[in-house]
Amino acid sequence: MPSLEVSPAEAASLLSQKKARLIDVREPWELARAAVPGAFPMPMGEIPARAHQELEPDEPLLILCHHGVRSLNVAVWLRNQGFANAQSIRGGIAAWASEVDPSVGRY
């Protein structure tokens, strides 16, 4: 089982190699302010209703939020539901913008 958290640089590498799927758990208004291209939007509150219908249990999932708190909670929940490869991106989109892609913007 992979570590529970992954750095933004590690996540970017996995995504560029198409070895993971990026799930953004922020709210629509947050996505309108800053977003990572290609991220799959699934607000945190919708995870319980949508996860088993839209995500594969063995798929590597990288979970993104604003600062890494919600994504960590979602990754833990997903793992408890059988999604063993769910990982939270440490520091969220704020860290992504400062470490990987400044064009994403900050809020």
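Note: hydrogens, waters and symmetry copies are ignored here, and every other heavy atom, side chains too, is used. This structure is a prediction, so every number in the text was calculated from the model and none was measured.
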*Asks:* For the pair Ser3 (side chain) and Glu5 (backbone), establish whether a donor and an acceptor sit closer than 3.5 Å, ignoring hydrogens and angles.
*Replies:*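 Between the backbone of Glu5 and the side chain of Ser3 there is a qualifying donor-acceptor contact (under 3.5 Å).
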
*Asks:* Would Leu62 and Ile23 show up in the same hydrophobic cluster when neighbours are defined by side-chain heavy atoms closer than 4.5 Å?
*Replies:*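 No, separate clusters.
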
*Asks:* What I'd like to find out is whether the side chain of Arg79 reaches to under 4.5 Å of the side chain of Trp77, using heavy atoms alone.
*Replies:*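 Heavy-atom side-chain distance check fails, nothing below 4.5 Å.
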
*Asks:* If you measure from the Lys or Arg side-chain nitrogens to the Asp or Glu carboxylate oxygens, is any gap between Glu30 and Arg70 under 4.0 Å?
*Replies:* yes

*Asks:* Which heavy atom in Ala97 sits nearest to a heavy atom in Val104, and how many Å separate them?
*Replies:* CB-CB, 4.4 Å

*Asks:* Measure up the Tyr107 and Trp29 rings against each other and bin them: parallel (under 30°), tilted (30 to 60°), perpendicular (over 60°).
*Replies:*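 Rings of Tyr107 and Trp29: perpendicular, over 60°.
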
*Asks:* Hey, are the side chains of Ile93 and His67 touching, using non-hydrogen atoms and a 4.5 Å cut-off?
*Replies:* no

*Asks:* Could you check if a side-chain atom of Arg21 sits within less than 4.5 angstrom of a side-chain atom of Leu55, using non-hydrogen atoms only?
*Replies:*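 Result yes, sub-4.5 Å side-chain heavy-atom pair found.
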
*Asks:* Could you pull out the closest heavy-atom pair between Gln87 and Ala75, with the gap in Å?
*Replies:* C-CB, 4.0 Å

*Asks:* Can you check whether Glu54 reaches Phe40 side chain to side chain, under 4.5 Å on heavy atoms?
*Replies:*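 Yes, at least one pair of side-chain atoms sits under 4.5 Å.
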
*Asks:* Hey, could you give me the NE2/CD distance between His52 and Gln81, rounded to the nearest 0.5 Å?
*Replies:* 4.0 Å

*Asks:* Drop me the distance from Glu59's CD to Leu78's CG, to the nearest 0.5 angstrom.
*Replies:*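 It is 11.0 Å, given to the nearest 0.5 Å.
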
*Asks:* Write down the atom of Ala39, the atom of Asp24, and the distance for their closest heavy-atom approach.
*Replies:*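 Minimum heavy-atom contact is CB-CB, 4.1 Å.
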
*Asks:* Which atom names give the shortest non-hydrogen contact between Cys65 and Ser71, and what distance separates them?
*Replies:*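 Scanning both residues, the minimum pair turns out to be SG-N, 3.3 Å.
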
*Asks:* Of all heavy-atom pairs between Ala20 and Leu15, which one has the smallest distance, and what is that distance?
*Replies:* O-CD2, 3.5 Å

*Asks:* Quick one: does Arg90's side chain have a donor or acceptor within less than 3.5 Å of a partner on Gly68's backbone?
*Replies:*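 Answer holds: no.
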
*Asks:* Quick one: side chain to side chain donor-acceptor pair (under 3.5 Å) pairs with a partner in residues 95-104, sequence neighbours left out?
*Replies:* Asp101-Ser103

*Asks:* Quick one: do Leu72 and Val6 end up in the same hydrophobic cluster if we chain Ile, Leu, Val, Met, Phe, Trp and Tyr together by side-chain heavy atoms under 4.5 Å apart?
*Replies:* no

*Asks:* Take atom CZ of Arg50 as the centre, draw a 6.0 Å sphere, and report whether it contains more than 12 heavy atoms from other residues, nucleotides or ligands.
*Replies:* yes

*Asks:* Hey, mind stepping through Leu61 and Ile63 against side chain to side chain contact (heavy atoms under 4.5 Å, CB included) and telling me if it holds?
*Replies:* CA-CA 6 Å; Leu61 302 171; Ile63 314 302; 4.1 Å; yes

*Asks:* Looking at Val100 and Ala9, what are the two nearest heavy atoms and their distance?
*Replies:*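 For Val100 and Ala9, the tightest heavy-atom pair comes out as CG2-N, 3.9 Å.
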
*Asks:* In the single-linkage hydrophobic clustering (I, L, V, M, F, W, Y; side-chain heavy atoms under 4.5 Å), do Ile89 and Met42 co-cluster?
*Replies:* no

*Asks:* Is there a side-chain hydrogen bond (donor to acceptor under 3.5 Å, both in side chains) between Glu10 and Ser13? Walk through the geometry before answering.
*Replies:* CA-CA 5 Å; Glu10 291 168 315; Ser13 176; over 6 Å; no

